[in-house]
Number of protein chains: 2
Amino acid sequence: MPPASHGQLTRAAILRAASQLATVEGLEGLSIGQLASATGLSKSGLYAHFGSKEELQLATIEAARLIFVEEVIRPGLDAPRGIRRLLATCDAFLSHVERKVYPGGCFFAAAAAEVGTRRGAVHDAIAAQQRRWLELLEQQAREAQEMGELSTDIDPSQLAFELESLLVGANTTFILFEDGNAFERARRAIRQRLGLVDRDSNHHRRRPRRLA
Amino acid sequence: MPPASHGQLTRAAILRAASQLATVEGLEGLSIGQLASATGLSKSGLYAHFGSKEELQLATIEAARLIFVEEVIRPGLDAPRGIRRLLATCDAFLSHVERKVYPGGCFFAAAAAEVGTRRGAVHDAIAAQQRRWLELLEQQAREAQEMGELSTDIDPSQLAFELESLLVGANTTFILFEDGNAFERARRAIRQRLGLVDRDSNHHRRRPRRLA
DNA sequence: CCTACCGATCGGTAGG
DNA sequence: CCTACCGATCGGTAGG
């Protein structure tokens with residue numbers, strides 16, 4: 001890579017601030033004036049980087065996607081393929097919410113709730129990212145099945161929906177109530193759903209599954 | 001009850017429109033001017049009913065709470081106490097989203113995602129409602145346990161978190177993708193979690209639970 | 001990247 | 001409930 005120019009660094013700093021502001025104010029509530037004073041630039045300085053608010057929103061979503069890859073996807077890929085990777089991905093998601101990478105929790109959870117009813121490029125970008133994320137969980141579940149670490153009775157697509165619901169449920173609970181117990185709740189539910197612990201307690205299970 | 005005055009009817013009509021608009025624009029994005037043209041009143045006409053935007057937001061939340069009781073809580077109470085009531089409550093939630101009582105799905109799911117990071121009366125009203133809803137699910141789970149219809153290995157508070165996560169997950173998926181399959185996914189996950197179906201398929205279960 | 005500006009809309013008020 | 005208005009902020013542009 002060539003060294004980043006001053007303009008590129010400024011742009012990166014703007015988008016970092018924008019993605020953080022967006023989890024608090026929303027992608028629509030994020031205003032150019034607010035972002036200008038948060039970055040120390042003038043409004044028209046921002047327009048030198050982004051021609052319109054929608055372009056800024058789309059660039060912010062792309063920046064948030066890269067952060068999501070670094071914070072959630074990559075830690076998952078550091079774990080060995082199979083059930084460990086699926087678990088590591090879920091744990092990395094919870095961890096990045098818990099560590100307050102964004103003040104408003106998961107960027108995409110906030111965005112999905114906000115733009116669901118709208119139409120246009122911003123909605124489509126959020127929906128596409130959400131779809132890719134569900135497909136990643138689904139794919140990791142399939143790999144775990146192929147390795148014999150996850151029951152083939154489980155429908156990977158159904159499982160991805162359930163895992164994502166629990167992850168976002170923990171995110172919302174944590175942000176709304178400042179209740180860190182939500183993460184433990186989600187982790188427990190996920191491990192149970194993957195067949196990694198006994199059902200609700202240490203009793204009554206026929207064949208406890210263990211990692212190799 | 002005395003007959004509703006004209007002012008009361010107007011107020012009710014305003015709040016109905018406001019709660020619908022809020023699921024699309026957000027509680028903050030809901031503007032007085034927008035609401036004025038949606039109801040055919042002038043802006044100052046609205047200020048005759050609500051002294052400030054925050055008062056309007058709080059009144060809108062209260063109106064949405066009453067609708068939630070009618071649409072979700074009451075259908076649940078029509079079912080007999082126990083596991084049927086818990087299931088009926090969950091199904092009523094999914095049904096009211098599916099029937100698009102609000103254009104943006106569940107009012108409180110949208111509001112919780114929006115106001116989580118804010119401080120003040122609006123945040124507190126949404127958090128209080130969310131807490132009551134979780135306690136209702138928890139209480140219905142406890143009743144099901146007392147009647148021997150739900151395993152006492154299950155922690156009612158943990159279960160309430162999981163059910164709420166699945167319900168909101170279906171809501172968000174439906175709104176974002178216009179994917180009606182989300183409801184079937186949530187229903188399947190909920191029935192499995194309650195021990196009402198075999199684990200992931202029709203095989204391998206020791207003691208299938210059935211309704212009396 | 002800046003200053004200076006545009007029309008539109010925001011929440012809210014005066015006065016009736 | 002209305003008209004008429006307030007200052008502030010919105011997204012965006014002209015011109016440099």
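Note that the coordinates shown come from a computational prediction; the quantities given were computed from them, not determined experimentally. Labels below follow one simple rule: chain letters A, B, ... track the order of the sequence lines, proteins then strands, and each chain is numbered from 1. No hydrogens, no waters, no symmetry mates; every other heavy atom, side chains included, goes into these values.
- Shown here are the side-chain contact (heavy atoms from CB on, under 4.5 Å) partners of Ser95(A), two or more places apart in sequence or in another chain: Arg99(A).
- By the neighbour-count criterion of 12 heavy atoms within 6.0 Å, atom CZ of Arg191(B) is densely surrounded, having more than that number from other residues, nucleotides or ligands.
- Residue Arg132(A) qualifies as enclosed at atom CZ: its count of foreign heavy atoms under 6.0 Å is above 12.
- Residues Leu86(B) and Glu143(B) are not in side-chain contact: their nearest non-hydrogen atoms beyond the backbone lie 4.5 Å or more apart.
- Taking atom CG of Leu46(B) as the reference point, atom C1' of dT3(D) lies 15 Å away to the nearest angstrom.
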Between the protein and nucleotides 7-11 of chain C, are there any N/O to N/O pairs under 3.5 Å, and if so, what are the atom names and distances?
from	atom 1	to	atom 2	distance (Å)
dC10(C)	OP1	Ser31(B)	OG	2.6
dG11(C)	OP1	Lys53(B)	NZ	2.8
dG11(C)	OP2	Ile32(B)	N	2.8
dG11(C)	N7	Lys43(B)	NZ	3.0
dG11(C)	O6	Lys43(B)	NZ	3.1

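- Close to dC1(D), at under 4.0 Å from its OP1 or OP2, lies no side-chain N or O of Ser42(B).
- Within the 4.5 Å cutoff, the side chain of Leu58(A) has no heavy atoms near those of the Glu62(A) side chain.
- Between His49(B) atom NE2 and dG12(C) atom P the separation is 16 Å, expressed in whole Å.
- Checked against a 6.0 Å centroid threshold, the rings of Phe174(B) and Phe183(B) count as neighbours.
- Relative ring orientation between Phe107(A) and Tyr102(A) is described as tilted, the plane-to-plane angle lying within the 30° to 60° band.
- Leu46(B) has its side chain out of reach of Leu56(B): every pair of non-hydrogen atoms, C-beta onward, lies at least 4.5 Å apart.
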*Dot-bracket pairing map - DNA chain C, Watson-Crick plus G-U, both contacts under 3.5 Å, | cross-strand*: ||||||||||||||||
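- With hydrogens and angles ignored, no donor-acceptor pair closer than 3.5 Å exists between the side chain of Ser44(B) and the base of dT13(C).
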